[in-house]
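Here is the structure we will look at, set down as structure tokens.
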Amino acid sequence: MVKPHVPGPPLFLQAETTGTSLWYDRAVMIGWDTGGRYEVAFPESGDDRLAEALASAGALVTFDGFRLDLPFLKQHSPHLPLPEHQIDLRTLMRRKYGAAKTPSAKEHRGERAPNLWYGYRAGDPGALRRLIENNHAAIQRLKAMWRDCAGQPAHQTPPLSSRYLDLWIAQAGAPTPLFTYDRLRLDPNLRVVGIDLTGSETRPSGWCLLEGARAETRRIKTDDEMLARIADAAPAIVSLDSPLSLPAGRLRVDDRDPTRAQFGINRECERVLRRRGVGVYPPLLPSMQALTTRGIALADHIRRMGFPVIEGFPGAAQDILGIPRKKASVEYLRDGLTRFGVMGEFRQGRVSHDELDAITVAIVGLFYIAGRYEALGDEQEGCLIVPDLRESAEIMIQ
DNA sequence: TAGCACCCCGACTGCGACTT
DNA sequence: AAGTCGCAGTCGGGGTGCTA
């Protein structure tokens with residue numbers, strides 16, 4: 001076994017991020033250890049201790065860092081002086097023990113950092129404490145692997161002291177939302193309908209009528225009831241969470257479509273989101289076909305009634321707005337929407353995740369009306385609308 | 001180049017809690 | 001007794017990016 005050449009003291013590092021998309025997610029906390037001294041920094045609160053530590057490090061040691069930590073650092077903190085020698089222990093572990101005995105990224109990282117970060121943002125300082133403790137523990141594992149794989153010594157790190165924990169938690173500062181409703185400067189009487197559609201009328205869909213910032217939500221099973229409520233509300237736009245078009249070239253939704261092999265089950269908008277690191281489910285998978293069929297028919301009906309319809313995708317919108325997806329926790333999603341500035345009963349009472357996604361997709365309608373959106377895909381297929389947080393001035397510069 | 005790990009979400013299932 | 005509801009867990013196909 002060849003020992004890695006290390007010209008100076010190794011710096012063990014792990015970044016905690018809000019997700020895996022380089023485009024929309026960001027590193028929220030970075031922990032590192034050099035010479036047995038563990039440190040924490042929060043990139044968003046501006047801090048150059050990490051830069052100093054990196055400048056004097058002989059090598060940068062991570063686990064899975066080639067895939068996760070380093071791209072994030074390079075993308076969002078390009079000024080950081082990364083050491084020339086970078087070692088990903090996941091690769092060394094796999095070489096020594098094989099893939100089966102190497103921890104997966106999940107096993108190594110443990111409790112999901114995005115959940116803890118969103119928990120902290122929702123007002124739970126204990127979640128930030130756990131995030132730091134997990135990061136500290138992960139870095140201890142890093143050092144154990146380093147001793148094992150590289151045959152190099154690593155200084156012992158003392159246990160976390162609560163004094164430092166409290167200090168770091170104070171440094172993280174009060175969390176602020178990435179964007180809020182009032183920045184859209186919309187007519188307070190503007191009405192927008194958002195629907196989180198299911199594949200059949202036997203299962204309730206999420207419904208949201210936004211009037212200004214006030215959301216009224218419910219669950220609705222039938223198309224007829226939705227159409228009646230849309231006619232009643234006369235919204236400026238209806239925003240649907242459902243695929244509203246087929247991949248270019250496809251003739252039908254089902255798998256017997258002779259063009260399936262040639263044109264596939266994804267559209268351009270899904271490919272764009274995936275390239276940006278936002279996971280998307282293919283709209284013509286068997287389990288999605290009923291939804292797509294229903295969405296296309298419903299959108300057609302609403303447009304014939306005279307109301308414009310857009311396709312929104314709550315998951316992508318939540319990623320962009322820095323609001324946790326429902327997968328993280330319904331409570332955190334509710335909190336994220338509250339912090340965005342949505343009012344209404346959903347803040348207090350019981351609310352289902354489909355209603356929260358309906359609120360989110362209605363918010364996509366707000367960004368559309370405000371002209372602050374990106375239309376992903378191509379005109380021929382029909383576009384997926386996602387919020388764009390950039391100011392128009394910034395867009396002009398780019 | 002084959003083989004993985006990982007990501008997405010609705011549908012479905014089984015289960016317990018609750019209502020009618 | 002029957003129905004409804006939420007919750008947690010499982011499943012499934014393709015795309016992507018990385019490693020052996």
Side-chain angles (χ1 to χ4, degrees), chain A residues 17-25 62-72 86-109 112 114 195-206 218-219 221 240-243 247 250 253-255 257 260-295 311-319 324-331 333-334 349-358 360-361 384 386:
Chain A
T17 67
T18 55
T20 54
S21 166
L22 269 183
W23 195 285
Y24 293 120
D25 289 307
T62 58
F63 185 87
D64 211 21
F66 290 176
R67 190 174 67 90
L68 280 174
D69 310 67
L70 300 183
F72 267 92
Q86 300 169 358
I87 294 147
D88 188 334
L89 286 170
R90 186 155 190 250
T91 308
L92 293 190
M93 286 290 283
R94 291 168 82 106
R95 243 175 243 160
K96 183 163 181 184
Y97 294 109
K101 290 188 178 170
T102 300
S104 66
K106 249 184 200 170
E107 284 162 333
H108 170 70
R109 291 185 184 253
R112 287 175 53 86
I195 300 174
D196 176 29
L197 201 65
T198 60
S200 92
E201 294 198 335
T202 61
R203 303 172 57 81
S205 297
R218 61 183 67 243
R219 304 173 82 198
K221 285 189 174 175
L240 287 180
D241 172 19
S242 158
R250 285 292 302 263
V253 297
D254 65 274
D255 285 349
D257 181 348
R260 186 188 190 283
Q262 189 184 353
F263 298 110
I265 62 174
N266 287 285
R267 299 168 297 171
E268 183 59 20
C269 58
E270 276 91 24
R271 288 187 279 269
V272 171
L273 278 178
R274 246 175 239 128
R275 281 198 294 271
R276 294 184 183 185
V278 177
V280 199
Y281 215 53
L284 289 189
L285 275 181
S287 62
M288 296 284 279
Q289 290 169 358
L291 172 67
T292 303
T293 304
R294 188 183 183 197
E311 176 182 340
F313 169 35
Q318 286 150 359
D319 289 355
R325 294 193 185 203
K326 63 189 172 194
K327 170 180 67 130
S329 144
V330 170
E331 286 312 308
L333 171 53
R334 185 219 304 258
R350 256 194 202 174
V351 69
S352 62
H353 59 81
D354 358 69
E355 287 164 276
L356 295 175
D357 274 350
T360 309
V361 81
L384 175 68
V386 298

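All chains are named by letter (A, B, ...) in the order of the sequence lines, taking the proteins before the strands, and each is independently numbered beginning at 1. These figures come from a predicted structure and were not determined experimentally.
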Please check this pair: side chain of Asp88(A) against backbone of Gly65(A), looking for a donor-acceptor N/O pair closer than 3.5 Å.
yes
Residue set satisfying salt bridge (charged side-chain N to carboxylate O under 4.0 Å, His left out) with Arg274(A), at least two apart, ordered chain then number -> none
Are any side-chain N or O atoms of Thr292(A) and backbone N or O atoms of Pro243(A), one a donor and one an acceptor, separated by less than 3.5 Å?
no
In chain order, what residues pass the ring-ring contact (aromatic ring centres under 6.0 Å, His included) check against Tyr24(A), with sequence neighbours excluded?
none
Can you name the residues that form a salt bridge (charged side-chain N to carboxylate O under 4.0 Å, His left out) with Asp255(A), not counting sequence neighbours?
Arg260(A)
Could you measure the distance from the CD atom of Gln318(A) to the CG atom of Leu333(A)? Nearest 0.5 Å is fine.
5.0 Å
One would report the end-axis bend of the helix from dT1(B)-dA20(C) to dT20(B)-dA1(C), five pairs per end and rounded to 10 degrees, as 20°
Closest non-hydrogen contact found for Pro247(A) with Leu284(A) is CD-CD1, 3.5 Å
Keeping the roles fixed (side chain from Arg250(A), backbone from Asp254(A)), state whether a donor-acceptor pair exists under 3.5 Å.
yes
At under 4.0 Å between heavy atoms, how does the protein contact nucleotides 13-20 of chain C? Give one character per nucleotide, 5' to 3', with B, S or -.
BSS---SS
Val272(A) and Arg275(A): CA distance, side-chain angles, deciding distance, side-chain contact (heavy atoms from CB on, under 4.5 Å) verdict
CA-CA 5 Å; Val272(A) 171; Arg275(A) 281 198 294 271; 3.6 Å; yes
Tell me what Arg276(A) touches on the nucleic acid: a base, only sugar-phosphate, or nothing, going by heavy atoms under 4.0 Å.
nothing
Nearest-Å distance, CG (Leu333(A)) to C1' (dC7(C))?
16 Å
Without swapping roles, check the side chain of Thr198(A) against the backbone of Ser200(A) for a donor-acceptor pair under 3.5 Å.
yes
Using chain A heavy atoms and a threshold of under 4.0 Å, write down where along DNA chain B the contacts begin and end, 5' to 3'.
dC6(B) to dA11(B)
